[in-house]
Chemist: 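To start, I am sharing the structure in question, which I have written as structure tokens.
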Amino acid sequence: MATITLNKEYFFHNLNQIALKTGSVEKIAVVLKDNAYGHGLEQMASLAHDFGIQHAVVKNSTEAKVIKTLFKRVLILNDEIIVDEVFSFALNSLEAIRKAPKNARVELKVDTGMHRNGVALTKVDEALQLIKEKALDLVGVMTHFRAADELSSVLFWQQKNFKMVKEKVHAFGFENVTYHSHNSAATLRTKNFSEDMVRAGIAIYGYNELPSVYDEVSLKPVLSLYAQKTATRTLQASQCVGYGGDFVAPKTMTVSTYNLGYGDGWTRGESADPYITAEGLPILGRVSMDFITLESEKEEVLILNDAQKAAKHFGTISYEMTTGLSKDIVRVLV
Ligand SMILES: *Cc1c(COP(=O)(O)O)cnc(C)c1O
């Protein structure tokens, strides 16, 4: 199986860039959902802790338990709410508020325009009333932007809505509430951050997904993917490689199989438009479940060190490239 390396220096560089935007490390919550976007939950959580990060965001309680001892607060985006001194739970609907146990630490998610999760603007009063009646411990109020990476007015309209929500929360008398709305894109483009916290995901891993007009923050990809050689053979001209024989050797050539395939979460792609590795080697023929073939005899090859570049090739986004990588791939800190 392939290997992933995680570059600590680059990760700290990215966190520093974000801290420059927020004004302090305390205001950064690292988003570690989905195995830290495929980077490795435990490793990334522990590095974030070493940097001084105190807040993390994960998908569910299973992920939260793995990293619980490393952070002051772990926000769980979507799971059954329990009472816990470290975990806080996003309230995605009025129904969730009704089901939550007394004293649970919760963060009200408000739908300011993305229309995915959260309580509608028109229901915020009802939600706050319920939270009060049920004696839930409201530690946060949040919203999520649908287009922080686009040049449009939508972001400003959502921010205006969120401001109204803040006023309501104040009016209801809730205190010590952390307000947060910024994902990576909103954080990277902000000029004067004034909220309590950001939820930074893709940027901490080293990808700036903003269009180039905003492109002033340079980030460094933390993850590299390597594959190791399994077997080498010599092909005669006109011999083919792999399923369907899609690659036909134009001349005598030496090729090797490497231990990476779509079973490891690598994108299969089209053999007619092969992915070219970070070292300039095109994948020959079809990607198998556990193997690819390259014209190389090296023991180890660097497949990818910039998921954004690879994503462009496959017509997807950096998020999907890294998040898909199998949990079973060994992660090594460098
Ligand atoms: C995933 C997620 C984020 C992080 O988004 P990035 O674009 O990766 O920074 C922030 N907030 C919520 C609610 C999320 O689900």
Side-chain angles (χ1 to χ4, degrees), residues 11 14-15 17-22 27-41 44-45 48 53 55-61 63-64 67 71 73-79 81 87-93 96 106-119 139-150 154-155 158-159 161-162 165 178-190 193 195-211 214-215 217 219-223 307-308 311 316-325:
F11 183 49
N14 301 333
L15 290 173
Q17 294 300 306
I18 296 162
L20 287 175
K21 289 289 186 178
T22 61
K27 288 190 172 185
I28 303 175
V30 287
V31 182
L32 301 175
K33 67 190 181 199
D34 294 273
N35 198 31
Y37 290 37
H39 287 62
L41 176 61
M44 296 309 289
I53 302 282
H55 301 274
V57 182
V58 294
K59 176 155 86 174
N60 53 34
S61 297
E63 289 186 337
I67 61 168
F71 299 99
R73 192 196 296 183
V74 179
L75 166 60
I76 296 167
L77 290 171
N78 185 29
D79 209 333
I81 301 176
F87 301 166
S88 65
F89 291 83
L91 294 168
N92 288 311
S93 65
V106 293
E107 311 210 20
L108 179 65
K109 190 165 192 182
V110 180
D111 176 12
T112 55
M114 181 161 174
H115 307 319
R116 184 179 66 174
N117 285 318
V119 171
V139 296
V141 173
M142 63 191 283
T143 194
H144 197 42
F145 299 131
R146 79 168 194 228
D149 56 346
E150 285 173 20
V154 178
L155 175 65
Q158 282 196 260
Q159 281 173 329
N161 287 339
F162 194 49
V165 172
T178 307
Y179 295 92
H180 48 104
S181 61
H182 290 56
N183 59 359
S184 295
T187 306
L188 293 174
R189 69 189 273 185
T190 189
F193 182 72
E195 280 182 1
D196 303 322
M197 201 172 80
V198 299
R199 302 184 305 268
I202 199 72
I204 69 173
Y205 305 105
Y207 303 104
N208 184 342
E209 293 283 348
L210 284 177
Y214 299 109
D215 228 352
V217 183
L219 303 172
K220 299 180 179 179
V222 171
L223 177 148
Q308 208 167 26
T316 179
I317 52 178
S318 54
Y319 298 73
E320 192 183 8
M321 281 314 301
T322 61
T323 304
L325 294 171

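In each ligand, atom 1 is the first atom listed, and ligand 1 is the first ligand listed.
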Chemist: Looking only at N/O atoms, are Lys109 and ligand 1 under 3.5 Å apart anywhere?
Modeler: no

Chemist: To check your reading of the model: name the closest protein heavy atom to atom 9 (O) of ligand 1, its residue, and the distance in Å.
Modeler: Ser184 OG, 2.5 Å

Chemist: Has the side chain of Glu150 got a donor or acceptor atom that lies under 3.5 Å from a matching backbone atom of Leu155?
Modeler: no

Chemist: Look at ligand 1 and say whether His182 reaches it with a heavy atom at a distance under 4.0 Å.
Modeler: no

Chemist: Do Tyr205 and Leu223 have side chains that get closer than 4.5 Å, going by heavy atoms?
Modeler: no

Chemist: Start with the C-alpha distance between Ile204 and Leu15, add both sets of side-chain angles, then the distance that settles side chain to side chain contact (heavy atoms under 4.5 Å, CB included), and finish with yes or no.
Modeler: CA-CA 6 Å; Ile204 69 173; Leu15 290 173; 3.7 Å; yes

Chemist: Which bit of Glu107 gets closer than 4.0 Å to ligand 1, counting heavy atoms only: side chain, backbone, both or neither?
Modeler: neither

Chemist: Out of Arg199, Glu195, His144, which residue meets the side chain to side chain donor-acceptor pair (under 3.5 Å) rule with His180?
Modeler: Arg199

Chemist: For the 3.5 Å polar cut-off, considering only N or O atoms, please tell me whether Met142 and ligand 1 meet it.
Modeler: no

Chemist: Nearest to atom 4 (C) of ligand 1, what protein heavy atom do you find, and at what distance?
Modeler: Tyr37 OH, 3.3 Å

Chemist: Hey, does the side chain of Glu107 reach the backbone of Ser88 with a donor-acceptor pair shorter than 3.5 angstrom?
Modeler: no

Chemist: Quickly, which of Tyr37, Phe11, Tyr207 forms a side chain to side chain contact (heavy atoms under 4.5 Å, CB included) with Val222? Name it, please.
Modeler: Phe11

Chemist: Examine Leu77 against ligand 1 and note whether any of their N/O atoms are separated by less than 3.5 Å.
Modeler: no

Chemist: Tell me which protein heavy atom sits closest to atom 7 (O) of ligand 1, plus the residue, atom name and distance to 0.1 Å.
Modeler: Tyr319 OH, 2.6 Å

Chemist: Is the shortest heavy-atom distance from the side chain of Glu63 to the side chain of Leu32 under 4.5 Å?
Modeler: no

Chemist: Near Arg116, which atoms of ligand 1 are under 4.0 Å from a heavy atom of that residue?
Modeler: 15 (O)

Chemist: Which heavy atom of the protein is the closest neighbour of atom 2 (C) of ligand 1, given with residue, atom name and distance?
Modeler: Lys33 NZ, 2.6 Å

Chemist: To the nearest 0.1 Å, how far is atom 12 (C) of ligand 1 from its closest protein heavy atom, and which atom is that?
Modeler: His144 CE1, 3.4 Å

Chemist: Quick one: does ligand 1 sit under 4.0 Å from the side chain of Arg199, the backbone, both or neither, non-hydrogen atoms only?
Modeler: both

Chemist: Which atoms of ligand 1 sit under 4.0 Å from any heavy atom of Ile202?
Modeler: 6 (P), 8 (O), 9 (O)

Chemist: Is it true that a side-chain atom of Lys59 and a backbone atom of Lys33 form a donor plus acceptor pair closer than 3.5 Å?
Modeler: no

Chemist: Could you tell me how the ring of Phe193 sits relative to the ring of His182: parallel (under 30°), tilted (30 to 60°) or perpendicular (over 60°)?
Modeler: perpendicular

